[in-house]
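Start at 1 with the first residue, then count along the sequence. Every value quoted in this text rests on a predicted model; they were computed, and no experiment measured them. Numbering of ligands and ligand atoms starts at 1, following listing order.
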Amino acid sequence: MSRDQIFSVKQPHIVDFAFDAKVAAVFPDMIRRSVPGYETVIPITGLMAARHLSDGDMAYDLGCSLGATTLAILQQTELKSVHVVGIDNAPAMIEQARIQITDPRAQFVCADLNDVAVTDAKVIVLNFVLQFVAPEARLPLLQRLCTQMRTDGLLIVSEKVRHAEPVRHEFYDQTHLAWKRANGYSELEVSQKRQSLENVMRVDSEEIHQQRLAKAGFGDIAQWFRCMNWASFIARPTQLADHT
Ligand SMILES: C[S@@+](CC[C@H](N)C(=O)[O-])C[C@H]1O[C@@H](n2cnc3c(N)ncnc32)[C@H](O)[C@@H]1O
């Protein structure tokens with residue numbers, strides 16, 4: 001696994017973060033050292049998704065990057081006719097995902113997730129991607145996913161979240177930065193990456209996530225994981241949630 005050193009040298013101008021070839025080349029190391037709980041969230045989402053799938057079912061991994069979640073789902077099921085479609089709009093990510101994941105049940109598509117129909121999806125996963133979607137596009141996206149997916153479907157959403165209580169938020173935020181330094185990132189790397197993400201990664205509170213999921217038509221909403229300012233939610237289309 002190549003080591004992430006993208007922000008190790010002082011840059012004269014910090015440009016907005018992009019999921020380009022440089023990032024794709026070091027992505028597994030970058031995300032493992034930057035997102036607390038990533039190494040728990042991915043295998044458990046894979047397990048929850050796989051348990052929800054029957055033969056012939058479709059799952060979508062939206063914002064799949066190198067396909068870690070797609071792989072985690074497929075590793076947890078022996079069913080021969082399940083299909084997992086990984087969608088990402090970064091060509092470098094999709095190119096690498098296609099090389100690295102050769103399971104015939106996986107398919108990778110380079111597209112904007114706003115443009116992809118998820119008709120009949122039994123499982124949809126949005127792992128650490130909604131935070132990169134324009135804030136005003138988040139509710140319409142979730143409404144469409146809720147309408148298009150199967151009524152017995154499962155949605156999994158993992159995100160960085162802002163704690164509603166400012167002092168608590170700051171405590172988690174500072175601890176997160178200390179954790180990154182403990183993982184080998186220098187002060188310069190931490191601050192340059194933070195600046196680079198400022199305009200592209202816009203974080204909502206846990207309450208906003210839960211309210212928006214409900215407004216989009218989901219019910220049975222639960223936060224199943226939390227580590228400081230990182231959380232993961234599950235939800236199901238309301239029609240089913242109301243009857244169980
Ligand atoms: C933090 S990464 C997601 C990591 C991945 N889900 C995982 O758990 O390993 C965010 C990904 O979302 C993709 N992305 C951001 N906006 C997107 C959009 N509108 N359509 C498709 N992919 C998008 C980026 O290219 C990037 O690969």
Ligand 1 atoms in contact with [X] (distance to a heavy atom under 4.0 Å):
| X | result |
| --- | --- |
| I42 | 8 (O) |
| F27 | 2 (S), 4 (C), 9 (O) |
| A90 | 25 (O) |

Can you tell me how far [atom2] of [Y] sits from [atom1] of [X], rounded to the nearest 0.5 angstrom?
| X | Y | atom1 | atom2 | result |
| --- | --- | --- | --- | --- |
| D152 | H52 | CG | NE2 | 5.5 Å |
| F108 | I94 | CZ | CD1 | 6.5 Å |
| W179 | Y172 | CH2 | OH | 15.5 Å |
| D61 | L74 | CG | CG | 9.5 Å |

Could you identify the single nearest non-hydrogen protein atom to [atom] and state the distance to 0.1 Å?
| atom | answer |
| --- | --- |
| atom 19 (N) of ligand 1 | D112 OD1, 3.2 Å |
| atom 1 (C) of ligand 1 | F128 O, 3.3 Å |
| atom 9 (O) of ligand 1 | Y38 OH, 2.6 Å |
| atom 2 (S) of ligand 1 | S65 OG, 3.2 Å |
| atom 5 (C) of ligand 1 | G63 O, 3.4 Å |
| atom 20 (N) of ligand 1 | L113 N, 2.9 Å |
| atom 12 (O) of ligand 1 | V129 CG2, 3.3 Å |

Inset, instruction - Return the minimal non-hydrogen interatomic distance between G63 and V129, and the atom names on each side. - result: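 In terms of heavy atoms, the two residues are closest at CA-CG2, 3.8 Å.
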Inset, instruction - Would you please determine whether V133 falls within less than 4.0 Å of ligand 1 on a heavy-atom basis? - result: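 No, V133 has no heavy atom closer than 4.0 Å to ligand 1.
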Inset, instruction - Would you check whether G67 reaches within less than 4.0 Å of ligand 1, judged by its heavy atoms? - result: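 No.
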Legend entry - Under 3.5 Å: donor-acceptor pair, side chain of D4, backbone of I6: yes
Legend entry - Basic-acidic side-chain contact under 4.0 Å: D120, R150: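 Looking at R150 together with D120, the answer is no, because their closest N to O distance does not fall below 4.0 Å.
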Inset, instruction - Give a yes or no on whether a salt bridge exists between R162 and E206, defined as a side-chain N under 4.0 angstrom from a carboxylate O. - result: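 Answer for the salt bridge query: no.
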Within-cut-off N or O pair, [X] and ligand 1, under 3.5 Å:
| X | value |
| --- | --- |
| N89 | yes |
| C64 | no |
| D88 | yes |

Legend entry - Region of A111 that comes within reach of ligand 1 [heavy atoms, distance under 4.0 Å]: backbone
Legend entry - The single option from K160, Q210, R138, Q211 passing side chain to side chain donor-acceptor pair (under 3.5 Å) against D204: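 With D204 as partner, side chain to side chain donor-acceptor pair (under 3.5 Å) holds for just one option, R138.
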Legend entry - Same apolar cluster (I L V M F W Y, side chains within < 4.5 Å links), F128/F225: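 Yes; F225 is reachable from F128 via cluster members.
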